[in-house]
Amino acid sequence: MSGTEMIIYCDGRYVGKEDATTSIFDHGFLYGDGVFEGIRAYSRCVFRLKEHIDRVFESANTIMLDIGITREEMTEIVLETSRRNNLDDAYIRLVVSRGVGDLGLDPLKCPKPSIFCIVGSIVLYPEETYTQGLKVQTASTRRNIPAALNPRVKSLNYLNNIMAKIEATRAGVMEAIMLTQEGYVCECTGDNIFLIKNGRLLTPPAYIGILQGVTRDAVIELAQKDGIAVQETLFTLHDVYTADECFLTGTAAELIPVIEADGRRISEGAPGPVFKRLLQKFRDLAKTDGETY
Ligand code: PMP
């Protein structure tokens, strides 16, 4: 079933799209000062909602943003907004900003955080890319260094990713590989990265400065259950170019195969067998592993 009017949770009220507004003095708008989550619902089941709620509270904790409500209350906001929109499948955006302050940086001048929850839909990659694979390009923009702004914080400041996304678009591809300052493969602008090499599943460890994806963690668990050896390890572009398979993971993307990186063909230009098996397992899991509304 599909809902008619979009209902948005906007700071304590459920309102229509036109009434979902915020002040231009909100520090989320002025400074990108806040945190967010992208969450997915499948057949009225919000996939791994607990993990997303935990991550948004952890991100907020690191930037010293007191959300002001409990995890249970936040969970209910997501579920209630989902119910009111009456969609079976949805993409949910939860946003917590520092709130309304003055023109200065000082977060102490923002007495109350703003909380928004939008339930809509998203199509990140065209359907054929799941069967034909994606081409990616390495961006010259490096991923934020953890000592400056740890990518594990899913903050409203996405300029680092946007800069790399611009490079990808200009190169005529849909996603960019981002490297760490040292030149190791880190992640993509909105997705984590995995390789298959000699039967092993490789992905960069969280400490190098990736967003620790909920989808990434689910894929690691699924692979381990399937008897695939998983290694969270540093690797370079050479490893990407010579991988047996490469794929990306993210809430919006799910699992998406990469068949070309910087002009090098991977997996003989078609989605590989391990990718296909894991995608099927993920789609089966997504229908049941979450909170229903
Ligand atoms: N890395 C980045 C930079 C992201 O923005 C995202 C989410 N779009 C991911 C990885 C994937 O995380 P998740 O699986 O939790 O969506």
Side-chain angles (χ1 to χ4, degrees), residues 32 34-42 46-60 62 78 89-96 118 120-125 134 136 138-139 141-146 148-168 174-180 184-195 201 203-223 230 232 246-258 275 278-279 281-283 285-286 289-291:
V35 293
F36 77 102
E37 280 298 316
I39 312 170
R40 195 86 176 249
Y42 298 91
V46 184
F47 182 63
R48 297 211 162 174
L49 180 55
K50 181 184 181 303
E51 285 78 351
H52 284 287
I53 298 291
D54 284 347
R55 189 169 67 183
V56 81
F57 274 82
E58 285 169 10
S59 292
T62 292
V78 172
D89 300 307
Y91 178 79
I92 302 163
R93 175 59 54 89
L94 183 60
V95 182
V96 185
I118 308 164
S121 55
I122 195 168
V123 179
L124 197 58
Y125 301 117
L134 206 64
V136 298
T138 302
T141 305
R142 298 293 169 104
R143 191 71 173 105
N144 280 336
I145 59 167
L149 172 58
N150 197 325
R152 289 183 73 180
V153 174
K154 194 165 170 66
S155 86
L156 288 181
N157 191 324
Y158 250 52
L159 264 184
N160 179 225
N161 315 59
I162 290 167
M163 295 301 289
K165 181 79 175 180
I166 290 170
E167 289 189 55
M174 280 183 265
E175 184 56 294
I177 295 177
M178 299 183 77
L179 307 177
T180 65
Y184 292 107
V185 173
C186 193
E187 60 176 335
C188 295
T189 68
D191 300 306
N192 291 117
I193 186 165
F194 284 86
L195 303 181
L201 186 65
T203 197
Y207 70 81
I208 69 163
I210 60 166
L211 179 76
Q212 191 174 344
V214 171
T215 320
R216 170 189 182 274
D217 288 351
V219 165
I220 290 174
E221 286 167 35
L222 287 171
V230 179
E232 292 182 61
C246 174
F247 63 88
L248 313 180
T249 65
T251 293
E254 302 179 313
L255 281 69
I256 182 131
V258 173
F275 163 79
L278 288 173
L279 176 62
K281 285 185 182 294
F282 178 79
R283 288 192 166 156
L285 179 79
D289 191 358
E291 300 275 332

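What you see is a predicted model, and the numbers here were worked out from it, not measured in a lab. Numbering of ligands and ligand atoms starts at 1, following listing order.
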Check each of R142, K165, R143 against M178 using the side-chain contact (heavy atoms from CB on, under 4.5 Å) test, and report the only one that passes. R143
Do me a favour and list the nearest non-hydrogen protein atom to atom 16 (O) of ligand 1 with residue, atom name and distance? T251 OG1, 2.6 Å
Ligand 1 atoms nearer than 4.0 angstrom to some heavy atom of G213 are 12 (O), 13 (P), 14 (O), 15 (O)
Hey, does L179 have a side-chain heavy atom less than 4.5 Å from the side chain of V185? yes
With atoms numbered from 1 as shown, which atoms in ligand 1 lie under 4.0 angstrom from a non-hydrogen atom of R143? 3 (C)
Using a 4.0 Å heavy-atom cut-off, which part of N161 comes near ligand 1: side chain, backbone, both, or neither? side chain
Parallel, tilted or perpendicular: which fits the ring planes of F247 and F194, with parallel below 30° and perpendicular above 60°? parallel
Taking a cutoff of less than 4.0 Å between a non-hydrogen atom of the residue and any ligand atom, is R55 in contact with ligand 1? yes
Residue selection (non-hydrogen contact nearest atom 8 (N) of ligand 1) among A253, A252, G190: G190
Please determine if H52 has a nitrogen or oxygen closer than 3.5 Å to a nitrogen or oxygen of ligand 1. no
Rounded distance (nearest 0.5 Å) linking atom CG of L94 with atom CD1 of I53: 5.5 Å
Short question: side chain of T203, backbone of I193 - any donor-acceptor pair under 3.5 Å? yes
Assess, by modelled atom type and distance only, whether the side chains of T215 and E254 contain a donor and an acceptor separated by less than 3.5 Å. no
Enumerated ligand 1 atoms positioned under 4.0 Å from heavy atoms of G250: 11 (C), 14 (O), 16 (O)
Which protein heavy atom lies closest to atom 14 (O) of ligand 1, and at what distance to 0.1 Å? T215 OG1, 2.6 Å
Using modelled atom types and a 3.5 Å cut-off, is there a donor and acceptor pairing between side-chain atoms of N160 and backbone atoms of N144? yes
Expected output: side-chain R40 to main-chain A252 donor-acceptor under 3.5 Å: yes
Run the numbers for me: atoms of ligand 1, each under 4.0 Å from some heavy atom of E187, listed by number. 1 (N), 2 (C), 3 (C), 10 (C)
Among all the protein's non-hydrogen atoms, which is closest to atom 5 (O) of ligand 1, and how far away is it? Y158 OH, 2.4 Å
Check contact between T189 and ligand 1, using heavy atoms of the residue and a distance below 4.0 angstrom. yes
Is Y184 atom OH crowded by more than 12 heavy atoms from other residues, nucleotides or ligands, each under 6.0 Å away? no
Can you name the atoms of ligand 1, numbered from 1 with element, that are less than 4.0 Å from a heavy atom of K154? 5 (O), 7 (C), 8 (N)
